[in-house]
Amino acid sequence: MAKVRPTVVQRAKRLLRDDGGVLTRELMRSPGGFGLGQVPTRLKPDSTTTMVCGFCSTGCGLDVHMRDGAAVSLTPSALYPVNLGMACPKGWESLTPLRAPDRARAPMLRMSRGGRLTPIGWREALTTFTERFKAVQAKHGPESVAFLGTGQIPLEELAFLGALAKFGMGMRHGDGNTRQCMATAVVAYKECFGFDAPPYTYDDLEESDVLVFVGANPCIAHPILWERVCRNPNEPTVVVLDPRRTETAQQATLHLPLAPKSDLELLYAVAHVLIRDGKIDRAFVDAHTDDFEGFADHVRGYSPARVTDHVGLTEQQIEALADTIHRGERVSFWWTMGVNQSHEGVRVAQAIIALSLLTGNIGRPGTGPNSITGQCNAMGSRLFSNTTGLLGGHRFDDPAHRRKVAGMLEIDEARIPTDSGMAYDQILEAILRDEIKGLWVVATNPAHSWINQSDARDVLSRLDFLVVQDMYDSSETADMADLILPAAGWGEKEGCFINSERRISVIKQVARTPGTALSDFRIFQLIADAWGCGDMFKKWDSPESVFRILRDLTKGMPCDITGIDGYQQIDDMRGIQWPLPEGRAPERLEQRRLFEDRRFYTPSGRAKFVYEDTRPIPEKVDAFFRFALLTGRGSSAQWHTQTRTGKSPVLAKLAPEQQYVEISPPDAEALGIAPNGWVRVSSRRGSLVARAYVTHIVQPGHVFIPMHYVETNKLTFPSFDPHSHQPSYKYCAVRLEKVEPSEMER
Ligand SMILES: Nc1nc2c(c(=O)[nH]1)N[C@H]1C(S)=C(S)[C@@H](COP(=O)(O)OP(=O)(O)OC[C@H]3O[C@@H](n4cnc5c(=O)[nH]c(N)nc54)[C@H](O)[C@@H]3O)O[C@H]1N2
Ligand SMILES: Nc1nc2c(c(=O)[nH]1)N[C@H]1C(S)=C(S)[C@@H](COP(=O)(O)OP(=O)(O)OC[C@H]3O[C@@H](n4cnc5c(=O)[nH]c(N)nc54)[C@H](O)[C@@H]3O)O[C@H]1N2
Ligand code: SF4
Ligand SMILES: [Mo]
């Protein structure tokens with residue numbers, strides 16, 4: 001068996017043990033380039049503070065350098081077990097968006113329909129918020145007001161939002177942008193493992209000998225995780241399953257450009273081969289899983305010969321993929337939005353989980369079916385947003401859970417709804433049916449990011465009262481608001497984020513908020529008082545006291561963190577991964593994975609195979625709309641709807657200025673489209689004009705447009721995974737036309 005070399009973090013820990021303190025210099029010299037990308041700070045320690053980045057779920061540690069009590073610059077933390085001294089452009093530029101001129105500085109109210117937004121004071125804002133929402137509830141019932149939250153604010157804030165809205169204000173329906181992002185992985189894990197539990201730690205990226213990326217482009221979307229792959233000392237085989245030849249695919253050992261939305265057939269065919277040839281870990285399967293026989297029976301119908309046409313790969317390619325997985329000793333599977341944002345994403349994610357169970361690749365270093373999260377606190381939102389699940393990983397539909405949470409929060413149990421309420425798409429449909437008339441949108445920008453904008457905008461415009469709580473008053477959704485509440489952003493407040501490997505980390509206030517903007521936490525406190533339910537939250541007097549309340553709520557749950565003392569300890573440990581039950585001391589730079597004991601959270605303690613027949617693509621290409629449109633992240637310098645990254649001149653230089661569409665060379669030639677020429681892209685719902693990026697990244701018959709431009713979602717087709725309600729952003733049918741330059745000049 002090949003010797004597995006230590007990862008960078010393992011080397012760092014060894015050094016830490018050896019000489020307790022003076023290690024930075026050592027680490028910089030250590031093999032593997034520990035300090036790559038690190039600019040050593042020359043500032044005195046007392047003028048530097050540590051926190052994590054507020055963009056993606058990688059959760060890089062940043063050292064923020066302060067002068068006169070305010071941040072002046074930052075450097076990536078060398079001693080943080082996630083990024084080891086590295087950061088991507090967004091991390092480096094984190095402070096710039098805070099100083100943007102369009103920061104929301106005061107509450108703003110639209111005095112009449114179609115009228116202008118006018119700055120008002122906080123007292124009037126709070127009265128208006130309360131009176132208008134109460135009036136809607138009085139007229140249409142308590143359930144006629146809903147909220148949309150986010151995975152981009154600290155968990156203390158998002159728990160406050162969820163608890164205030166549901167327990168305090170009597171809302172039954174609330175969801176968040178994690179529905180657009182992680183809902184599929186959540187459902188997949190819950191059904192297979194009995195709890196939403198991504199099992200890995202980032203060291204696994206360095207410990208695998210085979211890594212399979214499915215629908216993930218970490219080079220762009222999680223650049224520092226990709227750096228960790230590049231540091232893998234075991235000369236790993238890296239396989240990428242993506243219809244596009246992405247930056248990640250270009251660097252992989254093997255890129256398999258499958259047809260979009262054919263993942264389920266492909267993965268079932270791979271399982272078919274593994275089972276057919278006896279290339280499975282039968283002892284593991286027998287001892288630790290349920291319903292293997294049903295799964296084996298199901299995939300018997302998916303031979304490589306049967307799926308090859310649909311999948312667009314040869315039988316040999318499929319057999320070779322199965323063989324690579326079989327031959328690996330430490331095989332890890334990583335997936336992101338190419339899987340989650342699909343009409344059958346839950347089953348695709350569960351097919352990935354099945355491959356890892358079949359081959360016993362779980363609970364050991366370098367293994368796992370690993371869903372990478374998206375936003376800085378997506379994992380926190382999964383456990384604490386009080387939307388799909390009751391606070392702390394509990395269930396709304398479990399009476400024992402409701403009793404426990406009510407008891408610990410000292411609230412009347414009857415205030416806790418008995419189900420999770422409507423999902424995002426259902427909330428929008430309820431607005432169309434006039435059942436929901438009031439909406440409170442916090443830290444998300446649905447008028448740009450939700451699927452099928454022609455409908456989404458129409459839906460939002462039907463509300464009686466739309467409140468938008470954001471850092472900027474210029475977002476597309478803020479533009480439609482009746483009331484804007486100006487919020488502090490990352491860097492202007494404190495709390496915790498949970499990253500993809502379940503690491504809880506702190507953020508701190510290093511900058512002053514502009515104008516009269518307040519932290520979301522403070523806004524929720526003021527609203528609780530104005531609404532008349534302040535008493536319910538009298539112990540929620542600071543982010544850290546809320547952290548302790550939430551911590552106590554996790555007792556006995558798979559995500560138990562009762563062993564954590566508080567912020568200082570989290571900071572000292574460089575983050576702490578859940579679980580950490582009481583009595584277990586955390587270790588500095590620790591790396592922990594789940595299921596090392598092979599016990600899952602299901603009642604039987606065994607993991608479950610879950611499978612289903614494939615479904616047809618909801619909107620297929622046809623003679624008139626001949627191209628499949630894929631969407632996703634465009635560059636490492638652009639974040640979502642660009643309210644933040646759009647404010648940095650440095651980041652602007654690193655990304656294309658104009659909306660563009662990736663088109664394959666043969667398609668461009670057939671349509672007479674020159675590189676950088678203008679193209680009209682139309683779907684049945686809308687159309688946009690973009691620059692042609694003629695490239696072999698996309699296959700003939702496909703085009704790709706990044707999500708960062710506001711017009712992209714005018715084209716997308718509103719279809720959803722039936723189990724997770726996650727939008728299928730990554731497939732719809734479009735047509736292309738060349739646009740003459742003269743037309744653009746008009
Ligand atoms: N720079 C930057 N980084 C980000 C973000 C950002 O906005 N900007 N957002 C963050 C967030 S919230 C998220 S969720 C993550 C997303 O991270 P990723 O999921 O890695 O990014 P995407 O580009 O959305 O999608 C990944 C890939 O899925 C492929 N794909 C499309 N359809 C299919 C299919 O049917 N099958 C397969 N196998 N692949 C398919 C696309 O071609 C694309 O290359 O990124 C996070 N990081
Ligand atoms: N076509 C297409 N559409 C997509 C996707 C795709 O791949 N293709 N991906 C989807 C995915 S995975 C995601 S996660 C969503 C993201 O979609 P959104 O959540 O709508 O995108 P963001 O631009 O991150 O919006 C966050 C908003 O919160 C504000 N904000 C930031 N920090 C704070 C804070 O601390 N407090 C407050 N109050 N406000 C704050 C920002 O200014 C911004 O307006 O987009 C989805 N949309
Ligand atoms: S990889 Fe993600 S967490 Fe790390 S610096 Fe970039 S945006 Fe921030
Ligand atoms: Mo996301």
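Read the numbers this way: they start at 1 and go in the same order the structure lists the ligands and their atoms. The residues of the chain are indexed from 1 along the displayed sequence. No experiment lies behind these values; they were computed from the predicted model shown.
Residue-ligand proximity, G59 to ligand 3, at heavy-atom distances under 4.0 Å covers atoms 3 (S). Atoms of ligand 1 found under 4.0 Å from any heavy atom of L241, numbered from 1 in the order shown, are 37 (C), 38 (N). Near F55, the atoms of ligand 3 lying under 4.0 angstrom from a non-hydrogen atom of the residue are 7 (S). Interface atoms of ligand 1 facing K90, defined by a heavy-atom separation under 4.0 Å, are 1 (N), 2 (C), 3 (N). Every atom of ligand 1 is numbered from 1 in the order shown, and the set under 4.0 Å from a heavy atom of P260 is 35 (O). Residue Q375 has at least one heavy-atom neighbour below 4.0 Å for each of these atoms of ligand 1: 12 (S). Residue contact check: S636 has heavy atoms under 4.0 Å from atoms 1 (N) of ligand 1. Ligand-side atoms of ligand 3 in range of G91: 5 (S), range being under 4.0 angstrom from any heavy atom.
In this structure, Y693 and Y660 have perpendicular ring planes: the angle between them is above 60°, well past the 30° mark.
The backbone N or O of R685 sits less than 3.5 Å from a side-chain atom of S683, completing a donor-acceptor pair. Of the possible polar contacts, none joining the N370 side chain to the S332 backbone as a donor-acceptor pair under 3.5 Å is found. At least one donor-acceptor pair closer than 3.5 Å links the side chain of Q726 to the backbone N or O of T184. Put simply, the side chain of Y268 never gets that close to the backbone of T614: no donor and acceptor are under 3.5 Å apart. A donor-acceptor pair under 3.5 Å is formed between the side chain of N83 and the backbone N or O of G61. The backbone N or O of C181 lies less than 3.5 Å from no partner atom in the side chain of T178, so there is not a single donor-acceptor pair. Between the side chain of E344 and the backbone N or O of R615 there is at least one donor-acceptor pair closer than 3.5 Å.
The protein heavy atom nearest to atom 1 (S) of ligand 3 is I224 CG1, 3.5 Å. At the top of the distance list for atom 4 (Fe) of ligand 3, counting protein heavy atoms only, stands C60 SG, 2.3 Å. Protein heavy atom nearest atom 26 (C) of ligand 1, with residue, atom name and distance: G215 O, 3.4 Å. Residue, atom and distance of the protein heavy atom nearest to atom 31 (C) of ligand 1 are K730 CD, 3.5 Å. Of all protein heavy atoms, the one lying nearest to atom 2 (Fe) of ligand 3 is C56 SG, 2.3 Å. If you check which protein heavy atom lies closest to atom 8 (Fe) of ligand 3, you get C53 SG, 2.3 Å. In this structure, atom 1 (N) of ligand 1 lies nearest to the protein heavy atom S635 O, 3.0 Å. The single protein non-hydrogen atom nearest to atom 12 (S) of ligand 1 is H640 NE2, 3.0 Å, given as residue, atom name and distance. For atom 28 (O) of ligand 1, the nearest protein heavy atom (residue, atom name, distance) is G338 CA, 3.4 Å. For atom 6 (Fe) of ligand 3, the nearest protein heavy atom (residue, atom name, distance) is C88 SG, 2.3 Å. Nearest protein heavy-atom neighbour of atom 5 (C) of ligand 1: W639 CZ3, 3.2 Å. Closest protein heavy atom to atom 23 (O) of ligand 1: R633 N, 2.8 Å. Among protein heavy atoms, atom 14 (S) of ligand 1 sits closest to C181 SG, 3.2 Å.
Neither the backbone nor the side chain of A378 comes within 4.0 Å of ligand 1, counting heavy atoms alone. When heavy-atom distances to ligand 1 are checked against a 4.0 Å cut-off, H222 comes that close only through its side chain, counted from C-beta outward. Within the 4.0 Å heavy-atom criterion, the part of H708 lying near ligand 1 is the side chain and not the backbone. Counting heavy atoms under 4.0 Å from ligand 1, residue C56 touches it through the side chain alone. Counting heavy atoms under 4.0 Å from ligand 1, residue M707 does not touch it at all. Only the backbone of I220 comes within contact range of ligand 1, with a heavy atom under 4.0 Å; no side-chain atom does.
Considering backbone and side-chain atoms together, M337 places an N or O closer than 3.5 Å to an N or O of ligand 1. When only interatomic distances are considered, the shortest N/O to N/O separation between T373 and ligand 1 does not fall below 3.5 Å. Annotation: K261 places an N or O atom under 3.5 Å from an N or O atom of ligand 1; distance criterion only. The shortest N or O to N or O distance between T246 and ligand 1 is not under 3.5 Å. Here's the thing with T631: none of its N/O atoms is less than 3.5 angstrom from an N/O atom of ligand 1. Taking only nitrogen or oxygen atoms, main chain and side chain alike, N217 reaches within less than 3.5 Å of ligand 1.
Side-chain atoms of S449 and T477, non-hydrogen and from C-beta on, never get closer than 4.5 Å to each other. The shortest distance between side-chain heavy atoms of T96 and V650 does not fall below 4.5 Å. The shortest side-chain heavy-atom distance between R244 and H702 does not fall under the 4.5 Å cut-off. Under the 4.5 Å side-chain criterion, counting only non-hydrogen atoms from C-beta, N377 is not in contact with I153. Within the 4.5 Å cutoff, the side chain of Q180 has heavy atoms near those of the T444 side chain. Here the side chains of R644 and Q152 are in contact, with some heavy-atom distance below 4.5 Å. Counting heavy atoms from C-beta on, the side chains of Y729 and T712 never come closer than 4.5 Å.
The residue from Q638, E247, Q642 that puts a heavy atom closest to atom 8 (N) of ligand 1 is Q638. For atom 41 (C) of ligand 1, the candidate residues are D263, D242, L225, L630; the nearest heavy-atom contact is made by D242. By heavy-atom distance, the residue among A259, A221, P223 lying nearest atom 46 (C) of ligand 1 is A221.
Proximity of K90 to ligand 3 is established by a heavy-atom distance of less than 4.0 Å. Ligand 1 lies out of reach of G634, whose nearest heavy atom is not under 4.0 Å from it. Within the 4.0 Å heavy-atom shell around ligand 1 one finds P243. Ligand 1 does not have Q341 within reach: every non-hydrogen atom of the residue lies 4.0 Å or more from it.
Nearest heavy-atom pair, E501 versus T201, reported as atom, atom and distance to 0.1 Å: OE1-OG1, 3.1 Å. For the pair Q638 and G634, the tightest heavy-atom approach, listed with the atom from each and the gap, is OE1-C, 4.2 Å. Taking all atoms of both residues into account, the shortest heavy-atom contact from P198 to R382 is CG-NH2, 3.7 Å.
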**Request:** Take W335 and N340 through the side-chain hydrogen bond (donor to acceptor under 3.5 Å, both in side chains) test and state the conclusion after the steps.
**Result:** CA-CA 8 Å; W335 84 83; N340 286 0; 2.9 Å; yes
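Of the residues R228, R231, R503, the one that meets the salt bridge (charged side-chain N to carboxylate O under 4.0 Å, His left out) test with D203 is R228.
Donor-acceptor pairing under 3.5 Å is lacking for the side chains of S505 and N499.
Here F497 and W490 keep their ring centres 6.0 angstrom or further from each other.
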